[in-house]
Visitor: 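The following block contains the structure, expressed as C-alpha coordinates.
What's counted below: heavy atoms across the whole structure, side chains too, no hydrogens, waters or symmetry copies. Computed from a predicted model, the values in this text were never measured in an experiment.
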Amino acid sequence: MKTTAVYPGSFDPVTNGHLDIIKRASGIFDKVYVAILTNSAKKPHFSLEQKIDWLKRSTADIPNVEIASFSGLLVNYANEIGANVIIKGLRAMSDFEYEFQMALTNRKLSPNIETMFLMTNNKYSYLSSSIVKEIAHLGGSLDGLVPNFMIEEINSEIKKKQ
(Lines give C-alpha, C1' and ligand atoms only; values in the text may rest on other atoms or scores of the structure.)
Protein backbone atom coordinates (compact mmCIF):
# COMPACT_ATOMS: atom_id res chain seq x y z
CA MET A 1 0.00 0.00 0.00
CA LYS A 2 1.30 3.42 -0.90
CA THR A 3 1.41 5.84 1.99
CA THR A 4 0.80 9.51 1.54
CA ALA A 5 1.32 11.95 4.38
CA VAL A 6 0.55 15.61 4.87
CA TYR A 7 2.70 17.86 7.06
CA PRO A 8 0.63 20.99 7.74
CA GLY A 9 1.79 24.29 9.15
CA SER A 10 1.99 28.03 8.74
CA PHE A 11 5.74 27.89 7.94
CA ASP A 12 5.97 31.65 8.60
CA PRO A 13 8.90 31.21 7.87
CA VAL A 14 10.09 27.63 7.39
CA THR A 15 12.85 26.77 9.85
CA ASN A 16 15.59 24.16 9.95
CA GLY A 17 13.41 22.34 12.49
CA HIS A 18 10.59 22.10 9.95
CA LEU A 19 13.04 20.87 7.32
CA ASP A 20 14.34 18.19 9.68
CA ILE A 21 10.78 16.84 10.06
CA ILE A 22 10.17 17.02 6.28
CA LYS A 23 13.38 15.12 5.45
CA ARG A 24 12.68 12.43 8.00
CA ALA A 25 9.05 12.06 6.91
CA SER A 26 10.16 11.73 3.28
CA GLY A 27 12.14 8.66 4.28
CA ILE A 28 9.09 7.04 5.85
CA PHE A 29 6.31 7.83 3.36
CA ASP A 30 5.98 7.38 -0.40
CA LYS A 31 4.69 10.95 -0.80
CA VAL A 32 4.75 13.91 1.60
CA TYR A 33 2.66 17.00 1.02
CA VAL A 34 3.98 20.01 2.92
CA ALA A 35 0.77 22.00 3.21
CA ILE A 36 0.72 25.66 4.16
CA LEU A 37 -2.47 26.57 5.99
CA THR A 38 -4.09 29.77 4.77
CA ASN A 39 -6.27 31.08 7.56
CA SER A 40 -8.08 34.39 7.09
CA ALA A 41 -8.20 34.84 10.89
CA LYS A 42 -4.39 34.88 11.09
CA LYS A 43 -2.11 37.57 9.72
CA PRO A 44 1.07 35.91 8.45
CA HIS A 45 4.25 37.93 8.28
CA PHE A 46 5.34 36.47 4.94
CA SER A 47 3.20 36.00 1.84
CA LEU A 48 1.93 32.59 0.77
CA GLU A 49 3.95 32.92 -2.44
CA GLN A 50 7.13 33.62 -0.46
CA LYS A 51 6.56 30.63 1.83
CA ILE A 52 5.87 28.33 -1.13
CA ASP A 53 9.05 29.55 -2.83
CA TRP A 54 11.17 29.01 0.30
CA LEU A 55 9.76 25.52 0.85
CA LYS A 56 10.22 24.53 -2.81
CA ARG A 57 13.84 25.69 -2.81
CA SER A 58 14.50 24.05 0.57
CA THR A 59 13.11 20.68 -0.53
CA ALA A 60 14.18 20.68 -4.19
CA ASP A 61 16.48 17.71 -3.54
CA ILE A 62 13.69 15.57 -2.03
CA PRO A 63 11.75 14.03 -4.96
CA ASN A 64 8.76 12.70 -2.99
CA VAL A 65 7.91 16.04 -1.36
CA GLU A 66 5.29 18.36 -2.82
CA ILE A 67 4.54 21.87 -1.58
CA ALA A 68 0.91 22.97 -1.48
CA SER A 69 -1.49 25.22 0.39
CA PHE A 70 -4.96 24.68 1.76
CA SER A 71 -7.72 26.32 3.78
CA GLY A 72 -10.47 24.75 5.82
CA LEU A 73 -10.34 21.50 7.73
CA LEU A 74 -7.07 19.59 7.52
CA VAL A 75 -8.84 16.21 7.33
CA ASN A 76 -10.86 17.40 4.34
CA TYR A 77 -7.64 18.43 2.59
CA ALA A 78 -5.97 15.13 3.54
CA ASN A 79 -8.88 13.15 2.09
CA GLU A 80 -8.81 15.31 -1.04
CA ILE A 81 -5.14 14.49 -1.76
CA GLY A 82 -5.42 10.86 -0.65
CA ALA A 83 -3.27 11.25 2.48
CA ASN A 84 -3.77 8.61 5.14
CA VAL A 85 -1.35 10.14 7.67
CA ILE A 86 -0.95 13.60 9.21
CA ILE A 87 2.58 14.42 10.36
CA LYS A 88 3.02 16.63 13.40
CA GLY A 89 6.38 17.69 14.78
CA LEU A 90 6.82 17.92 18.55
CA ARG A 91 9.42 20.03 20.33
CA ALA A 92 8.26 19.72 23.94
CA MET A 93 5.53 18.27 26.15
CA SER A 94 3.62 21.54 25.82
CA ASP A 95 3.32 20.86 22.06
CA PHE A 96 2.04 17.36 22.77
CA GLU A 97 -1.03 18.42 24.78
CA TYR A 98 -2.40 20.61 21.99
CA GLU A 99 -1.42 18.23 19.17
CA PHE A 100 -2.88 15.23 21.00
CA GLN A 101 -6.22 17.04 21.26
CA MET A 102 -6.08 17.93 17.56
CA ALA A 103 -5.21 14.32 16.63
CA LEU A 104 -8.22 13.02 18.53
CA THR A 105 -10.46 15.63 16.91
CA ASN A 106 -9.14 14.74 13.45
CA ARG A 107 -9.72 11.04 14.13
CA LYS A 108 -13.32 11.81 15.14
CA LEU A 109 -13.83 13.76 11.91
CA SER A 110 -12.06 11.24 9.67
CA PRO A 111 -11.29 7.83 11.28
CA ASN A 112 -9.32 6.68 8.22
CA ILE A 113 -6.54 9.21 8.82
CA GLU A 114 -3.84 8.56 11.41
CA THR A 115 -1.66 11.19 13.07
CA MET A 116 2.05 10.48 13.45
CA PHE A 117 4.15 12.53 15.84
CA LEU A 118 7.82 13.03 15.00
CA MET A 119 10.05 14.36 17.74
CA THR A 120 12.23 17.21 16.61
CA ASN A 121 15.98 16.81 16.53
CA ASN A 122 17.15 18.05 19.94
CA LYS A 123 19.29 20.75 18.30
CA TYR A 124 16.03 22.38 17.10
CA SER A 125 13.89 21.82 20.21
CA TYR A 126 13.87 25.55 21.03
CA LEU A 127 13.24 26.72 17.46
CA SER A 128 10.00 28.17 16.12
CA SER A 129 8.96 30.53 13.36
CA SER A 130 8.02 33.09 16.03
CA ILE A 131 11.53 32.98 17.49
CA VAL A 132 13.04 33.44 14.01
CA LYS A 133 10.88 36.52 13.40
CA GLU A 134 11.72 37.97 16.83
CA ILE A 135 15.46 37.48 16.31
CA ALA A 136 15.22 39.09 12.85
CA HIS A 137 13.22 42.04 14.24
CA LEU A 138 15.91 42.60 16.86
CA GLY A 139 18.78 42.35 14.36
CA GLY A 140 20.16 39.02 15.58
CA SER A 141 21.82 36.32 13.52
CA LEU A 142 19.63 33.70 11.84
CA ASP A 143 22.59 31.42 11.07
CA GLY A 144 21.64 27.80 11.67
CA LEU A 145 17.97 28.63 12.22
CA VAL A 146 16.78 28.79 8.61
CA PRO A 147 18.37 27.80 5.29
CA ASN A 148 21.22 30.19 4.46
CA PHE A 149 19.60 31.40 1.23
CA MET A 150 16.62 32.70 3.24
CA ILE A 151 18.51 34.88 5.72
CA GLU A 152 18.89 37.96 3.54
CA GLU A 153 15.32 37.60 2.22
CA ILE A 154 13.87 37.38 5.74
CA ASN A 155 15.88 40.36 6.95
CA SER A 156 14.80 42.37 3.91
CA GLU A 157 11.11 41.58 4.50
CA ILE A 158 11.40 42.40 8.21
CA LYS A 159 12.99 45.79 7.42
CA LYS A 160 10.20 46.63 4.96
CA LYS A 161 7.58 46.09 7.66
CA GLN A 162 9.30 48.04 10.46
Visitor: For the residue pair N112 and N79, confirm or rule out a side-chain donor-acceptor distance under 3.5 Å.
Guide: yes

Visitor: Below 6.0 angstrom between ring centroids: does that apply to F11 and W54?
Guide: no

Visitor: For a 4.5 angstrom cut-off between non-hydrogen side-chain atoms, does F70 reach L37?
Guide: yes

Visitor: Test side chain to side chain contact (heavy atoms under 4.5 Å, CB included) on L145 and L127 and set out the steps.
Guide: CA-CA 7 Å; L145 306 181; L127 186 56; 3.8 Å; yes

Visitor: In terms of relative ring orientation, are Y33 and Y77 parallel, tilted or perpendicular, with 30° and 60° separating the classes?
Guide: perpendicular

Visitor: Only one of K56, K51, R57 clears salt bridge (Lys or Arg N to Asp or Glu O under 4.0 Å) with D53; which?
Guide: R57

Visitor: Under the side chain to side chain contact (heavy atoms under 4.5 Å, CB included) criterion, do N64 and F29 qualify, and how do the steps go?
Guide: CA-CA 8 Å; N64 63 330; F29 300 99; 5.6 Å; no

Visitor: Residues in salt bridge (Lys or Arg N to Asp or Glu O under 4.0 Å) with E80, at least two apart?
Guide: none

Visitor: To the nearest 0.5 Å, what is the distance between CD1 (I21) and OG (S26)?
Guide: 11.5 Å

Visitor: Within the distance-only criterion (no hydrogens, no angle test), does the side chain of D30 pair as donor or acceptor with the backbone N or O of T4 below 3.5 angstrom?
Guide: no

Visitor: Which heavy atom of M116 sits nearest a heavy atom of V85, and at what distance?
Guide: CB-CG1, 3.9 Å

Visitor: How many angstroms lie between NZ in K23 and CD1 in I28, if you round to the nearest 0.5 Å?
Guide: 14.5 Å

Visitor: Taking side chain as C-beta onward, heavy atoms only, is I62 less than 4.5 Å from V32?
Guide: no

